[in-house]
Amino acid sequence: MSPRSPSVNEEMRRRSRERLLQATVELVGERGYEATTLADIADRAGSARGLVSYYFPGKRQLLQSAVHRLMHRTLETALYKEPRTEDGHEFLARAIDAVLGLATDRPVLMRTHMSGVLQAEGFVQCPEQQRLAMLLRCAVERYGSRQIDADYPLLRALLMGAVFAIVLPGAPMPQARLRAELFQRYGLDWELGVPPDGTPPGGTHDERRTAPTTDQNDPTDQIGRTDQTDQSSWSSSSSSSSK
């Protein structure tokens with residue numbers, strides 16, 4: 001028997017790694033983080049125990065990579081589902097709904113993931129995280145950002161905050177309320193993406209941000225900035241009130 005080619009070996013390693021990531025998502029979602037061992041993950045994946053240590057330095061890093069993979073695949077499916085869209089607002093709405101929906105559907109897994117991100121090791125810069133970041137950057141770019149390097153981290157932070165609020169034990173916030181706030185910030189119509197129901201809570205759909213921008217050159221305020229007409233109206237009403 002001739003030896004396997006490098007490309008075949010590479011494909012086998014990729015599939016082995018994928019099985020470990022999938023097994024991690026399944027087991028942590030079923031049992032929780034503490035009750036899931038690396039041996040359990042290897043058994044579920046049908047892999048040797050040593051392969052886990054070969055690919056990942058520890059269980060925490062394995063979990064982060066596994067969740068980032070799940071988030072990437074969920075987001076990719078949502079963004080490029082039929083009918084395809086060229087509309088930047090629809091594209092961003094799909095991204096927001098995909099992340100919030102994942103937190104709602106997989107609260108144990110996402111809560112564990114958020115807890116891990118807050119550990120001393122912080123964010124794991126793995127290939128799965130980088131692919132996820134590329135999709136979110138694409139959503140920001142399609143939305144119309146001219147300062148992607150500033151607006152992408154802001155979107156990521158807002159989504160992480162919303163996920164935390166959804167999975168917070170004992171005091172979770174409704175997905176619809178958080179969606180309404182994010183859609184209001186970015187000026188997205190409620191009907192875009194995948195609305196959880198027909199009516200936005202609190203009438204947020206018809207509201208527009210009216211607070212003035214203190215610094216037009218602030219890169220963190222590029223996305224979700226009100227248009228110039230709204231800003232002028234706010235300024236005019238403020239001036240009248242102060243007289």
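In what follows, residues are counted from 1 in the order of the sequence shown.
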Starting from M160, can I reach M71 by hopping between I/L/V/M/F/W/Y residues whose side chains sit under 4.5 Å apart? yes

Determine, step by step, whether V28 and V67 satisfy the side-chain contact (heavy atoms from CB on, under 4.5 Å) criterion, reporting the C-alpha distance in whole Å, the side-chain angles of both residues, the deciding distance to 0.1 Å, and the verdict. CA-CA 10 Å; V28 173; V67 175; over 6 Å; no

According to salt bridge (Lys or Arg N to Asp or Glu O under 4.0 Å), who are the partners of R69, at least two apart in sequence or on a separate chain? E18

In chain order, what residues pass the side-chain contact (heavy atoms from CB on, under 4.5 Å) check against M134, with sequence neighbours excluded? none

Residues forming a side-chain hydrogen bond (donor to acceptor under 3.5 Å, both in side chains) with T104, sequence neighbours excluded: Q175

Set of residues satisfying ring-ring contact (aromatic ring centres under 6.0 Å, His included) with respect to F91, sequence neighbours excluded: Y80

Can you see which heavy atom on P195 is nearest to which on D97, and at what distance? N-OD2, 4.3 Å

Can you tell me how far CG of L109 sits from CZ of R111, rounded to the nearest 0.5 angstrom? 10.5 Å

OG1 of T85 to CZ of R94, rounded to nearest 0.5 Å, is 5.5 Å

Any side-chain to backbone donor/acceptor pair from Q119 onto S115? Under 3.5 Å, distance only. yes

So, for T112 and R60, which heavy atoms are closest and what is the spacing to 0.1 Å? O-NH1, 3.9 Å

Only counting residues at least two apart or in another chain, list the ones meeting side-chain hydrogen bond (donor to acceptor under 3.5 Å, both in side chains) with R15. E11

CG of L155 to CD1 of I96, rounded to nearest 0.5 Å, is 6.5 Å

Within this structure, what is the OG-CZ distance for the pair S16 and R19, rounded to the nearest 0.5 Å? 5.0 Å

For residues 40-55, which residue pairs qualify under side-chain hydrogen bond (donor to acceptor under 3.5 Å, both in side chains), counting only residues two or more places apart or in two chains? E26-R44, E30-R44, R31-D40, T37-D40, R49-S53

Show the nearest heavy-atom pair for residues G170 and P172, with the distance to one decimal. C-CD, 3.5 Å

M173 atom CE, neighbour heavy-atom count above 12 within 6.0 Å: yes

Tell me, please, which residues at least two apart from H72 pass ring-ring contact (aromatic ring centres under 6.0 Å, His included). none

Do you reckon L20 sits in the same ILVMFWY cluster as L132, going by side-chain contacts under 4.5 Å, direct or chained? no

Atom CZ of R185 and atom CG of L158: how far apart are they, to the nearest 0.5 Å? 5.5 Å

Who pairs with H68 by ring-ring contact (aromatic ring centres under 6.0 Å, His included), at least two apart in sequence or on another chain? H113, F123

Rounded to the nearest 0.5 Å, what's the gap from CG on L27 to CG on L63? Could you check? 11.0 Å

Per the ring-ring contact (aromatic ring centres under 6.0 Å, His included) rule, what does the pair list look like for residues 13-52, sequence neighbours excluded? none

Nearest heavy-atom pair of W190 and R179: which atoms, and what distance? O-NH1, 3.1 Å

Residues two or more places apart in sequence or in another chain: which of them pass salt bridge (Lys or Arg N to Asp or Glu O under 4.0 Å) with D105? none

Report the C-alpha distance between L102 and M110 in whole Å, list the side-chain angles of each, state the deciding distance to 0.1 Å, and finish with yes or no for side-chain contact (heavy atoms from CB on, under 4.5 Å). CA-CA 8 Å; L102 189 57; M110 296 304 292; 4.2 Å; yes

Exactly one candidate in L182, I166, L159 meets side chain to side chain contact (heavy atoms under 4.5 Å, CB included) with V99; the answer is L159

So for atom CZ, which belongs to R13, do other residues, nucleotides or ligands contribute more than 12 heavy atoms lying within a distance under 6.0 Å? yes

For R137, salt bridge (Lys or Arg N to Asp or Glu O under 4.0 Å) partners two or more places apart: D149

Check A139 against L92 and note the closest heavy-atom contact, atom names and distance. CB-CD1, 4.3 Å

Please enumerate all residues that pass side-chain contact (heavy atoms from CB on, under 4.5 Å) together with P127, with sequence neighbours excluded. R17, R131

All heavy atoms of S145 vs all of D151, minimum pair found to be OG-OD2, 2.5 Å

